[in-house]
Undergrad: 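Structure below; questions to follow.
Every number for a ligand or one of its atoms is a count from 1 in the order of the listing. Sequence positions, counted from 1, serve as the residue numbers for this chain.
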Amino acid sequence: MRTQVGIVGAGPAGLLLSHLLHRSGIDSVVLERRSREYVEHRVRAGVLEQGSVDLLRRTGLGDRLDREGLRHEGIELRFGGTAHRVAMTELTGRAITVYGQQEVVKDLIAARTAAGGELRFEVEDVRLAGLDRASPVIRYRHQGREEELHCDFVAGCDGSHGVSRSAVPPGVLTEYERQYPFAWLGVLAAAAPAAEELIYAHHDRGFALHSMRSPEISRLYLQVEPDTDIADWPDDRIWSELRTRLETVPGWSLNTGPILEKSVTGMRSLVVEPMRWERLFLAGDAVHIVPPTGAKGMNLALADVALLGDAFAAWYQEGRDDLLTGYSDTALRRVWRAQHFSWWMTSLLHRLETQDPYEAKLQISTLHYLTSSRAYATSLAENYVGLAEV
Ligand code: FAD
Ligand code: DHB
């Protein structure tokens, strides 16, 4: 089998890239380890920056997003028994949209399928070869058969546990990394959100986040120990801890309901540079990871492949390689801005096990400053809604 761009991974990055390439008349094949059912139901991110929404709309993916996505013009910061709104739209002219990552994935799969796109689910043992030659090959197993996909370029969009990055010879890539001494326990609950906007809560017992997916479904997160076993968190314990950390403002109470899904996610910051080696281009979580606090991961994945889509179009349509050559440097500008913002939001809002009382006082001082200074609040807001130019 032969294609122009072989794409590993059917997450937001791989699927959007395939869609963008198709719109530029470029052929691609997407190889995904999981089933279609699995990727369409994997509960993860929920916040789209203004730029991500604009990109999805511009490329014909805005219908359901416009109908079901929830536009938010502010967020709430809750600490020390008080609630403060950051008026993002008033401060920046931009907004975010709450729309589940799996909905973005479903829309992309539907669009690719309707256009006759080649998506191969449940492939095994993906191996990349010949990346430094004119025609790389991706070998894999599908339905018990050994297959080969010959291509001009490979896009490694296979997430944080992918294999693409390991095909680069030792010594080429540099990793910048930070681990955090905590994790997030996330739940999806059949309960009407108790607030119209997201609530980021700083609490002595740890961070909590109140988010949502629809007027009937809440999405909630708790800071927990990094090695947390989900079995130690029966539903009653989760609700009780959420109440303690979120019901700190007079007259506000959480709505509860059946928990539909729960999982624990570790927190990590990672950037691998450069994002390209020869004919392999890396995008999304395959090459950088942020802790979820700033809601940046999916947005970065989409922004990377928007650049790649343009770069491949310039190559195939005009024979230009400047955008492919510049891809890594251009993408890394945005990546590092999001790295800083995610690290900063994480450090500001979480209880740090090693935290001395001095650091805790600095967190509270920063929160007071953020909620009283228009200049500082604007900085948070413009990073949160996504900077147009970085
Ligand atoms: P992925 O979505 O991980 O997709 C990679 C795909 O590659 C997967 O389908 C995987 O199965 C496949 N794959 C892996 N290995 C192989 C292989 N060897 N062969 C073939 N296929 C393979 N981001 C935000 O922007 N906003 C948020 O609000 C937000 N909240 C989050 C909350 C949580 C709890 C978590 C866990 C993440 C959150 N994120 C958020 C981050 C976001 O989910 C990721 O950044 C996003 O999924 C990255 O997309 P991707 O396409 O790069 O990778
Ligand atoms: C959600 C996830 C985040 O990481 C975040 O910062 C805000 C919202 C969510 O899943 O809704």
Undergrad: For ligand 1, indicate whether the residue R42 contacts it via side chain, backbone, both or neither (heavy-atom separation under 4.0 Å).
TA: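 Side chain only.
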Undergrad: At a non-hydrogen distance cut-off of under 4.0 Å, which region of R44 contacts ligand 2 (side chain, backbone, both, or neither)?
TA: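 The backbone, only.
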Undergrad: At under 4.0 Å between heavy atoms, which part of V98 makes contact with ligand 2: side chain, backbone, both or neither?
TA: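 Contact part for V98 vs ligand 2: neither.
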Undergrad: Hey, is V126 touching ligand 1 through its side chain, its backbone, both or neither, going by heavy atoms under 4.0 Å?
TA: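 Just the side chain.
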Undergrad: Side chain, backbone, both or neither: which part of A45 has a heavy atom under 4.0 Å from ligand 1?
TA: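 Near ligand 1, A45 shows its backbone as well as its side chain.
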Undergrad: Between V39 and ligand 1, which residue portion shows a heavy-atom distance shorter than 4.0 Å: side chain, backbone, both, or neither?
TA: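 Near ligand 1, V39 shows its side chain, while the N, CA, C and O stay back.
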Undergrad: For P292, which part has a heavy atom under 4.0 Å from ligand 2: side chain, backbone, both, or neither?
TA: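 P292 to ligand 2: contacts from backbone and side chain alike.
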Undergrad: Ignoring angles and geometry beyond distance, decide whether A301 reaches within less than 3.5 Å of ligand 1 through its nitrogen or oxygen atoms.
TA: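 It does not: no N or O of A301 is found under 3.5 Å from an N or O of ligand 1.
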Undergrad: Could you tell me whether L31 approaches ligand 1 through its side chain, its backbone, both or neither, with non-hydrogen atoms closer than 4.0 Å?
TA: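 L31 to ligand 1: backbone contact only, side chain stays beyond 4.0 Å.
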Undergrad: Using a plain distance cutoff, I'd like to know if E32 has any nitrogen or oxygen under 3.5 Å from a nitrogen or oxygen of ligand 1.
TA: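 So ligand 1 has an N or O lying under 3.5 Å from an N or O of E32.
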Undergrad: Would you kindly check if the NZ (Lys) or CZ (Arg) of R279 is within the cone defined by 45 degrees around the ring axis of F153 and under 6.0 Å from the six-membered ring centre?
TA: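 That pair qualifies as a cation-pi contact.
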Undergrad: Measure from NZ or CZ of R165 to the centre of the six-membered ring of W277 and say whether it is under 6.0 Å with the direction within 45° of the ring axis.
TA: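 No cation-pi geometry.
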Undergrad: Check step by step if side-chain contact (heavy atoms from CB on, under 4.5 Å) holds for D66 and D63.
TA: CA-CA 5 Å; D66 284 335; D63 286 359; 5.8 Å; no
Undergrad: Taking the side chain as C-beta and beyond, is there a heavy-atom pair between E103 and R64 under 4.5 Å?
TA: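 A side-chain contact under 4.5 Å exists here.
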Undergrad: For C157, which part has a heavy atom under 4.0 Å from ligand 1: side chain, backbone, both, or neither?
TA: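 C157 to ligand 1: backbone contact only, side chain stays beyond 4.0 Å.
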Undergrad: With only distance considered, is A286 within less than 3.5 Å of ligand 1 through an N or O on each side?
TA: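 No, there is no polar N/O contact under 3.5 Å.
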Undergrad: Among G9, G100, A13, which one has a heavy atom closest to atom 51 (O) of ligand 1?
TA: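 Checking each option, the heavy atom nearest atom 51 (O) of ligand 1 is found in A13.
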Undergrad: Is it true that H288 and D304 share a donor-acceptor pair across their side chains at a distance under 3.5 Å?
TA: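 Yes, H288 and D304 have a side-chain donor paired with an acceptor closer than 3.5 Å.
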Undergrad: At a 4.0 Å cut-off, with the gap strictly under it, does some heavy atom of Q101 reach an atom of ligand 2?
TA: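 In this structure, Q101 fails to qualify as a contact of ligand 2 - no heavy atom is under 4.0 Å.
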Undergrad: Who's closest to atom 43 (O) of ligand 1 heavy-atom-wise, of Q101, M267, M298?
TA: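 Of the listed residues, Q101 has the closest heavy atom.
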Undergrad: Suppose I only count heavy atoms of G162 and a 4.0 Å limit; which atoms of ligand 1 are within that range?
TA: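 Near G162, the atoms of ligand 1 are 15 (N).
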Undergrad: State, with a plain yes or no, whether a side-chain heavy atom of F79 is found less than 4.5 Å away from one of L370.
TA: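 Heavy-atom side-chain distance check fails, nothing below 4.5 Å.
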Undergrad: Which atoms from ligand 1 have a heavy atom of R34 less than 4.0 Å away?
TA: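 Those atoms are 11 (O).
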Undergrad: Closest non-hydrogen protein atom to atom 28 (O) of ligand 1, residue and atom name please, with distance?
TA: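 Checked against all protein heavy atoms, atom 28 (O) of ligand 1 sits closest to G46 N, 3.2 Å.
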Undergrad: Side chain, backbone, both or neither: which part of Y140 has a heavy atom under 4.0 Å from ligand 1?
TA: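 None of Y140 does.
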Undergrad: Heavy-atom distances under 4.0 Å are what count here, so tell me which part of Y99 touches ligand 2: side chain, backbone, both or neither.
TA: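 It is neither; nothing of Y99 touches ligand 2.
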Undergrad: Do any nitrogen or oxygen atoms of R44 lie less than 3.5 angstrom from nitrogen or oxygen atoms of ligand 1?
TA: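 Such a contact does occur with ligand 1.
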Undergrad: Considering only heavy atoms, which of Y200, Y384, W184 lies nearest to atom 6 (O) of ligand 2?
TA: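 Of the listed residues, Y200 has the closest heavy atom.
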Undergrad: Which atoms of ligand 2 sit under 4.0 Å from any heavy atom of L198?
TA: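 Counting atoms of ligand 2 from 1, those under 4.0 Å from L198 are 7 (C), 8 (C).
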Undergrad: List the closest protein heavy-atom neighbour of atom 1 (C) of ligand 2: residue, atom name, distance to the nearest 0.1 Å.
TA: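 Protein heavy atom at minimum distance: Y221 CE1, 3.7 Å.
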Undergrad: Any nitrogen or oxygen of D285, side chain or backbone, less than 3.5 Å from one on ligand 1?
TA: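 Min N/O separation from ligand 1 is below 3.5 Å for D285.
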Undergrad: Please confirm whether V123 comes within less than 3.5 Å of ligand 1 when only nitrogen or oxygen atoms on both sides are compared.
TA: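 Looking only at distances, the answer is no, because the N/O contact criterion of under 3.5 Å is not met.
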Undergrad: Tell me, with the steps shown, if W343 and Y180 meet ring-ring contact (aromatic ring centres under 6.0 Å, His included).
TA: CA-CA 10 Å; W343 163 83; Y180 301 88; 8.6 Å; no
Undergrad: Heavy-atom distances under 4.0 Å decide this one: backbone, side chain, both or neither, for N299 against ligand 1?
TA: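 Both backbone and side chain of N299 come within 4.0 Å of ligand 1.
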Undergrad: Strictly by modelled atom types, are R112 and S18 linked by a side-chain donor-acceptor pair under 3.5 Å?
TA: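 A pair is found: one side chain offers a donor N or O, the other an acceptor, under 3.5 Å apart.
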